[in-house]
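Reminder, nothing fancy here: chain letters follow the sequence lines and each chain counts from 1. Everything numeric in this text was worked out from a predicted model, so none of it was measured.
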Amino acid sequence: MHMHSKNVETKLFRRGLSLVGVALGVLCLLSGYAQAVPASNTATATASAIVFQPITVAVADSTTLNFGKFAPTGVAGTVSIDAMNGSRSSSNVFLFTGSPSGRLKLQVVGEPDEGFVLSITTSPVTLTCDSGPCTGGSTPMPVTLFKAFPGTGGGSSPIGDIPTTHTLDGFGVLGVGLGGTLNVAADQTPGTYSGTFNVSVAYQ
Amino acid sequence: MKKLLLSTAAIAVMGLSAGVAYAVPTLNSVTATADATVAAPVLIEQTVGLNFGTFAIYNDAVNNASITTDGSGDNKVQVLGGQLDAEFDVIGEGNASYTLALTDTGVAGSDKVTLTNAGNTMTADLATTGGLVRNLTAGADSITVVGTISGLSGGQASGLYQGTYTATVTYP
């Protein structure tokens, strides 16, 4: 709009100059006429950017997702760790209640009050034999992961394939609990099993 | 013109009073022309500011993250939107050629702009689609300037960065 009005002014200016030019030509008997014009023009241009803090995720308190010690039965069963509080439950397996178990705790740090998506980039997540009688041949145990955000209320939910947005607090921090369900085969071969998976976070 | 008319009238009165009838000489005239070609001034105006939008640099980036105003970034940057190439309108003499110069108002020099945030800086390279020697087809031209910031690290301070540069257009 501003440019448009400038353009009109410029045309009017030129027309005015032309009339004056003719008048001068008549009066001064073709004495000649020249008008200097700006041959250069400058605009001040702007540049801007907003840089967010890097968003990071780290394991907190040296925790692991630990399903503890249990005994299989003749039927397939499960061992579950609650993402919210780390409590353990089971079906069709016998839990050794004295053995340590618990959820994985993560801490996400980034830009205050910004949304982010947490995802597991390992698929599927399985536990395979580390040591013991299972060495040399055993059935891997698949894990279904659940997430929870104890600081913000609400329950645990499957991590799932469709990411859900979460929001960092006013200090740019959010604690995440990861639990899961371990699928145990009938007469699962005894031994120590382990696995790894990757957790990633990104701003939404 | 009024004076000319008055003197013609005076001659007519004098002729009548002398009692002699003779033709009043027709006022001879010639159409005089004066020519001057005034080129339209060349004018430039920013219509869209260069905007790198919002982005986050990955923590493990070490002088190797980059972002451009066309919305692309490398694998060390998460691009979060708002990126805009700069746009300028230029008007002037039809079909005239002109040159464009982009100069940082800070220290970075030609075809660059320095963005600052409380002592933290980022330097962007400026590229013009269509080059710096241009033509005013039909008396107007549109310029697109793309900015690229490269060599960023994860430790770059977060916040709003701003800077200015000048765009100068000149007839050759």
Discussion item. Is A/Glu111 close to chain B through its backbone or its side chain, or both, or neither, when contacts mean heavy atoms under 4.5 Å?
Written reply: side chain

Worksheet item: Is it the side chain or the backbone of A/Thr44 that comes within 4.5 Å of chain B heavy atoms, both, or neither?
Response: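 Both the backbone and the side chain of A/Thr44 come within 4.5 Å of chain B.
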
Discussion item. Out of B/Phe88, B/Phe55, B/Phe52, return the one with the most heavy atom pairs under 4.5 angstrom to chain A.
Written reply: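 Heavy-atom pair counts peak at B/Phe55.
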
Is the side chain of [X] donor-acceptor paired with the backbone N or O of [Y] at a distance under 3.5 Å, no angle test?
{"X": "B/Gln78", "Y": "A/Tyr203", "value": "yes"}
{"X": "A/Asn41", "Y": "B/Ile44", "value": "yes"}
{"X": "B/Gln46", "Y": "A/Ala43", "value": "no"}

Structural part of [X] lying under 4.5 Å from a heavy atom of chain A:
{"X": "B/Val169", "answer": "both"}
{"X": "B/Ala167", "answer": "both"}
{"X": "B/Ala124", "answer": "neither"}

Practice prompt. Decide yes or no for A/Glu114 and B/Leu80: does some side-chain heavy atom of the first lie under 4.5 Å from some side-chain heavy atom of the second?
Written response: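 They are not in contact (no side-chain heavy atoms under 4.5 Å apart), so the answer is no.
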
Shortest non-hydrogen separation from [X] to [Y] and the atoms involved:
{"X": "B/Met122", "Y": "A/Ala49", "value": "CE-CB, 3.9 Å"}
{"X": "B/Gly154", "Y": "A/Pro54", "value": "O-CG, 3.2 Å"}
{"X": "B/Thr168", "Y": "A/Ser40", "value": "CG2-OG, 3.5 Å"}

Nearest 0.5 angstrom please: [X] [atom1] to [Y] [atom2], how far?
{"X": "B/Gln162", "Y": "A/Ile50", "atom1": "CD", "atom2": "CD1", "result": "9.0 Å"}
{"X": "A/Thr46", "Y": "B/Leu115", "atom1": "OG1", "atom2": "CG", "result": "9.5 Å"}
{"X": "B/Leu43", "Y": "A/Thr42", "atom1": "CG", "atom2": "OG1", "result": "11.0 Å"}

Item to complete: Check whether more than 12 heavy atoms from other residues, nucleotides or ligands sit under 6.0 Å from atom NZ of B/Lys76, and answer yes or no.
Response: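 More than 12 heavy atoms, drawn from other residues, nucleotides or ligands, come within 6.0 Å of this atom.
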
Worksheet entry | More than 12 heavy atoms from other groups under 6.0 Å of CD on A/Gln107 | yes

Discussion item. Shorter than 4.5 Å, heavy atoms on both sides: which option in A/Ala47, A/Ala202, A/Gly110 has the most such pairs with chain B?
Written reply: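 Option with the top pair count is A/Ala47.
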
